[in-house]
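Everything below concerns the one structure shown next.
Note on naming: letters A, B, ... go to the chains in the order of the sequence lines (proteins, then strands), and numbering restarts at 1 for each one.
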Amino acid sequence: MDRYVVKRPSGEAGGGGKRPRPEAPASGQPLWQEIRAEGLSCDYRLLFSKAEADEIFQQLEEEVEYFEGEMTKLHVFGKWHNIPRRQVTYGDPELTYTYSGVTFSPKPWIPVLNHIRDRVTLDTGHTFNFVLINRYKDGGDHIGEHRDDERELVPRSPIASVSFGACRDFVFRHCDSRGKNATRHIEPIKLQLAHGSLLLMKYPTNVYWYHSLPTRKRVLAPRINLTFRKVMTVVKK
DNA sequence: TCTGAGGCAACTCT
DNA sequence: AAGAGTTGCCTCAG
């Protein structure tokens with residue numbers, strides 16, 4: 001079966017992370033790993049050294065303030081559910097973002113988020129004005145299969161997904177191969193998103209592929225994921 | 001015990 | 001204005 005499993009380069013495991021990662025690692029491991037399939041185009045790399053990632057993770061835990069109350073619940077198919085994770089959005093003022101029929105205003109940027117965003121921009125050449133943060137407290141927290149609603153994003157702009165904390169499995173599934181009425185057999189693509197990693201999801205991935213973060217009971221530690229986006233600033237009537 | 005697949009739930013937006 | 005799209009939970013089988 002086709003599986004696309006991304007692992008950390010061995011040179012990074014447990015290393016002190018004192019020196020900046022060379023552009024052409026001695027291991028021969030390419031800096032970026034290209035993940036390609038029909039209608040899917042993603043690039044994966046480790047963005048931060050372990051020391052940097054540890055520091056950022058700690059800062060995120062101290063400084064990010066998650067939504068509370070009503071905003072932690074979701075109304076779908078006539079039922080209210082608690083979202084099985086914590087969420088919050090940060091971004092440029094005056095932007096809005098609609099999720100399940102509710103329009104949110106992002107919180108203003110804080111230094112640790114600026115730092116991550118600027119590093120992503122430096123590495124990818126893409127700018128971002130908005131970030132959705134999801135915190136999965138352990139392997140029981142998850143997100144079901146979905147596509148990101150791209151109607152509010154700048155057309156064809158990529159989404160940059162940066163992960164800190166516990167390494168979690170991440171699954172892409174093609175829209176034509178989902179469920180009982182699937183019209184085609186296309187293997188899901190399974191990745192592991194490591195501490196300090198960046199997954200750049202490029203057009204048209206989100207058009208054809210759903211993604212999810214399945215439960216993993218053996219994972220006991222939290223993971224924080226940030227998805228940087230470029231939201232359109234059009235005025236809605 | 002864990003994982004993944006399937007079935008189920010009602011309403012909004014286009 | 002009909003239809004497409006939809007998140008999470010539960011059950012069940014391997």
Residue [X], side-chain atoms from C-beta onward, closest of [options]:
| X | options | result |
| --- | --- | --- |
| Arg216(A) | dA5(B), dT3(B), dT7(C) | dT3(B) |
| Arg85(A) | dG8(C), dT3(B), dA9(B) | dG8(C) |
| Lys217(A) | dA9(B), dC2(B), dA5(B) | dC2(B) |
| Leu74(A) | dA10(B), dG8(C), dT14(B) | dG8(C) |

Is it the case that [X] and [Y] place a side-chain donor and acceptor less than 3.5 Å from each other?
| X | Y | result |
| --- | --- | --- |
| Lys73(A) | Asn82(A) | yes |
| Arg223(A) | Tyr136(A) | no |
| Arg85(A) | Asn134(A) | yes |
| Thr227(A) | Arg229(A) | yes |
| Lys230(A) | Thr127(A) | yes |

What is the nucleic acid contact for Arg178(A), judged by heavy atoms within less than 4.0 Å: base, sugar-phosphate only, or nothing? nothing
Whole-Å distance separating the NE2 atom of His211(A) from the P atom of dT6(C):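 The distance from NE2 of His211(A) to P of dT6(C) comes to 12 Å, rounded to the nearest Å.
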Under 3.5 Å, which N/O atoms of the protein pair with N/O atoms of nucleotides 9-14 of chain C?
none

For Lys180(A) and for Val171(A), locate the closest nucleotide of DNA chain B by heavy-atom distance; then report the residue assigned to the nucleotide nearer the 5' terminus. Val171(A)
